[in-house]
Colleague: 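Sharing a structure with you now.
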Amino acid sequence: MNRKHFVLAALFAALVAAPAAAQPKSSVAPSTTPKPATTAVDEPDWAYAEYQRGNYVTAFRHAMRRVEEKSDPKAMTLLGELYADGLGVANDDKKAADWYKLAVARNDREAMFALAMFRMAGRGGPADRPEAVRLLTEAAKLGHVVGAYDLALLYLEGQLVPQDFNRAAELMRMAANAGNPQAQYALATFYKDGRGVQKDAEEAARLLGIAARSGHTDAEVEYAIALFNGTGVAKNESAAAGYFLKAAQKSNPAGQSRLALMYATGRGIKADPVEAARWHLIARAGGNNDQYLDEFMRNMKPSDRAMAENKAKPWIARMTPVGPTPFPAAPPTKPNSQAVKP
C-alpha cells in the first residue's frame, strides 16, 4: 500500500467526524475565515463512502457540504486528496495544500501526514523539509502509523534530523505495535543487530514472524532463515520451506534461491532436483546466484535439467533478467529485402 492509499484507508475508518471550527462556503480554494460550528447530530460520512465507490464528483459534493455545515476536518482532508490526485476535479496542488492546512489547523493527523509529503516534495508550494519533519512529528504524536515509520527512517538517516537510533527504535515500535508490517520488519532488524535496542534474537524472530504472517516478503525470507537455523525461535525446517515458497512465488530472488537449496538437499521438503534447478534458474536470472546450485545442475541428468529449464522458461520470459539466464534473447529478425523498382 502506498502512502496516498494509507492516508485514505485511515480516513475511511472515521465514519462520523466530530464538528470543529467552521469553514465558509466555497466551491474553489478554501478560506481561512472560520464560522461557528454546528451542533447538528453527526451523520454517516457519505463523502468517504462515495470516494470508496469511485464516485469522486459525488464525494466532492458531500465533502463540501460537510465542510460548510460541520467544518469537518476529515472532509477537508478528503477535498485535499481529490485535488491532489485530480479525482472529480482538476488537479490543483495549491488547493490541495490549502485544504490540508485547514485540516491540520483542526488537528487532523492524516492531513498532517499528507501535507508533510507535499512539503517534502515541493508540491503546492516550495519544498520545506524542516516543516515536513515538524508535520511528521505532530502526526506521529497523534498516532499516525506511517508518519511514525517515515520519521523513524529520518532519524536513521540523520540528515534532516540528528541521527538517533534510540528515537528511531521508539518510533518503529509505535508503528510496529499498530500493526505496520514494514515497521515490524525494521524493528526486528534493530533487535537482530542491537541498534537502538539491546540485541534480542527472540524478539527479532517474534517480530519477523508477525510481519511474515502479514505477507511482508523480506520478513518471510528472514523468518524462514530463523526457523531453518533455530535462531530465536524453535527450529522448524518444514515451516521454513513454506515461507521460502511464499517469498519465491512473489518473485523474491533470495527466497527462490533458498527454496532451491532445500529442494536440492531435501531438508524441510521432499528432495526434487527438477524443482531445485527450476528455482535456481529463476533466482539466478533475478540476480541471486549460488555456486553450490550451479555445481548441482552440472551433475544433473540431462533430461532433468531440460525439464527444469522448460519449467523455468515461462517465468523467466515474464522477467527482465539481471543475472545469467539459459534462454538468451533471440537476435532480431531482419525483414526480407526486395529490389526497389525504378
Side-chain angles (χ1 to χ4, degrees), residues 1-7 9-10 109-110 112-114 116-117 120-121 129 132-233 239-240 243-244 246-248 250-258 286-288:
M1 179 180 294
N2 63 30
R3 290 181 176 131
K4 188 68 68 181
H5 291 159
F6 191 92
V7 170
R109 67 186 185 185
E110 315 303 336
M112 291 173 185
F113 177 78
M117 296 300 101
M120 196 71 76
R129 293 189 171 187
V133 171
R134 187 191 71 79
L135 288 163
L136 283 177
T137 302
E138 292 303 312
K141 286 179 183 177
L142 293 175
H144 194 284
V145 177
V146 178
Y149 175 80
D150 283 356
L151 191 58
L153 295 180
L154 293 179
Y155 276 105
L156 279 177
E157 184 183 53
Q159 293 186 14
L160 297 181
V161 293
Q163 190 174 62
D164 188 336
F165 293 143
N166 292 336
R167 178 64 176 144
E170 289 174 6
L171 290 161
M172 284 297 185
R173 185 176 293 105
M174 175 194 141
N177 289 343
N180 182 275
Q182 289 82 6
Q184 290 160 352
Y185 174 73
L187 187 58
T189 65
F190 283 22
Y191 278 107
K192 182 179 176 182
D193 300 334
R195 185 166 58 168
V197 293
Q198 287 190 342
K199 270 191 176 184
D200 189 333
E202 290 184 4
E203 182 64 5
R206 184 187 75 82
L207 288 162
L208 286 172
I210 296 171
R213 287 187 286 275
S214 296
H216 188 284
T217 307
D218 289 338
E220 288 170 344
V221 174
E222 293 295 326
Y223 188 53
I225 293 171
L227 285 167
F228 187 87
N229 294 323
T231 305
V233 66
Y243 281 106
F244 282 137
K246 287 181 180 181
K250 290 187 283 185
S251 299
N252 181 276
Q256 292 164 346
S257 185
R258 295 275 182 164
N288 193 309

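No experiment lies behind these values; they were computed from the predicted model shown.
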Colleague: Hey, could you give me the CD1/CG distance between Ile210 and Asn180, rounded to the nearest 0.5 Å?
Modeller: 12.0 Å
Colleague: Nearest heavy-atom pair of Val233 and Ala226: which atoms, and what distance?
Modeller: CG1-O, 3.7 Å
Colleague: At what distance, to the nearest 0.5 angstrom, does NE2 of His216 lie from CG of Leu208?
Modeller: 9.5 Å
Colleague: Taking all heavy atoms of Ala168 and all of Phe190, pick out the closest pair and write down the distance.
Modeller: C-CE2, 3.9 Å
Colleague: Return the orientation label for the Phe113 and His144 ring planes: parallel under 30°, perpendicular over 60°, tilted otherwise.
Modeller: parallel
Colleague: Thinking salt bridges, do Glu138 and Lys141 make one under a 4.0 Å N-O criterion?
Modeller: yes
Colleague: Okay, side chain of Arg258, backbone of Phe244: is any donor-acceptor separation there less than 3.5 Å?
Modeller: no
Colleague: May I have the step-by-step check of side-chain contact (heavy atoms from CB on, under 4.5 Å) for Leu154 and Gln159, ending in yes or no?
Modeller: CA-CA 7 Å; Leu154 293 179; Gln159 293 186 14; over 6 Å; no
Colleague: Please lay out, stage by stage, how Met174 and Leu151 fare under the test side-chain contact (heavy atoms from CB on, under 4.5 Å).
Modeller: CA-CA 11 Å; Met174 175 194 141; Leu151 191 58; over 6 Å; no
Colleague: Checking side-chain contact (heavy atoms from CB on, under 4.5 Å) for the pair Lys192/Thr231: CA distance, chi angles, key distance, verdict?
Modeller: CA-CA 10 Å; Lys192 182 179 176 182; Thr231 305; over 6 Å; no
Colleague: Kindly indicate whether the side chain of Met117, heavy atoms from C-beta on, has any atom under 4.5 Å from the side chain of Leu136.
Modeller: yes
Colleague: Test your reading of the model: is there a side-chain donor-acceptor pair from Gln184 to the backbone of Leu207, 3.5 Å cut-off?
Modeller: no
Colleague: If I compare all heavy atoms of Gln198 with all of Tyr191, which pair ends up nearest, and what's the gap?
Modeller: O-CD2, 3.4 Å
Colleague: Checking the side chain of Ser257 only, and the main-chain atoms of Pro253 only, is there a donor and an acceptor separated by less than 3.5 Å?
Modeller: no
Colleague: Any chance CD of Gln163 has more than 12 other-residue heavy atoms, nucleotides or ligands included, within less than 6.0 Å?
Modeller: yes
Colleague: I need the minimum non-hydrogen distance between Pro181 and Ser214, along with the two atoms involved.
Modeller: CG-CB, 3.9 Å
Colleague: With side-chain contact (heavy atoms from CB on, under 4.5 Å) as the test, would you mind laying out the steps for Phe165 and Leu156 before giving the verdict?
Modeller: CA-CA 6 Å; Phe165 293 143; Leu156 279 177; 3.5 Å; yes
Colleague: Please name the residue in the list Arg213, Lys250, Lys246 that meets the side chain to side chain donor-acceptor pair (under 3.5 Å) test with Glu220.
Modeller: Lys250
Colleague: Kindly give the heavy-atom pair with the smallest separation between Met120 and Ala132, and that separation in Å.
Modeller: CE-CB, 3.7 Å
Colleague: Determine whether Val161 and Arg167 make a side-chain contact, defined as any pair of heavy atoms from C-beta on separated by less than 4.5 Å.
Modeller: no
Colleague: Compare all side-chain heavy atoms of Arg173 with those of Val197 and state whether any distance is below 4.5 angstrom.
Modeller: yes
Colleague: Could you grab the distance from atom CG of Leu153 to atom CD of Glu157, nearest 0.5 Å is fine?
Modeller: 8.5 Å
Colleague: What are the two closest heavy atoms between Ala175 and Val145, and how far apart are they?
Modeller: CB-O, 3.7 Å
Colleague: Within the 4.5 Å heavy-atom criterion, are Asn288 and Asn252 side-chain neighbours or not?
Modeller: no
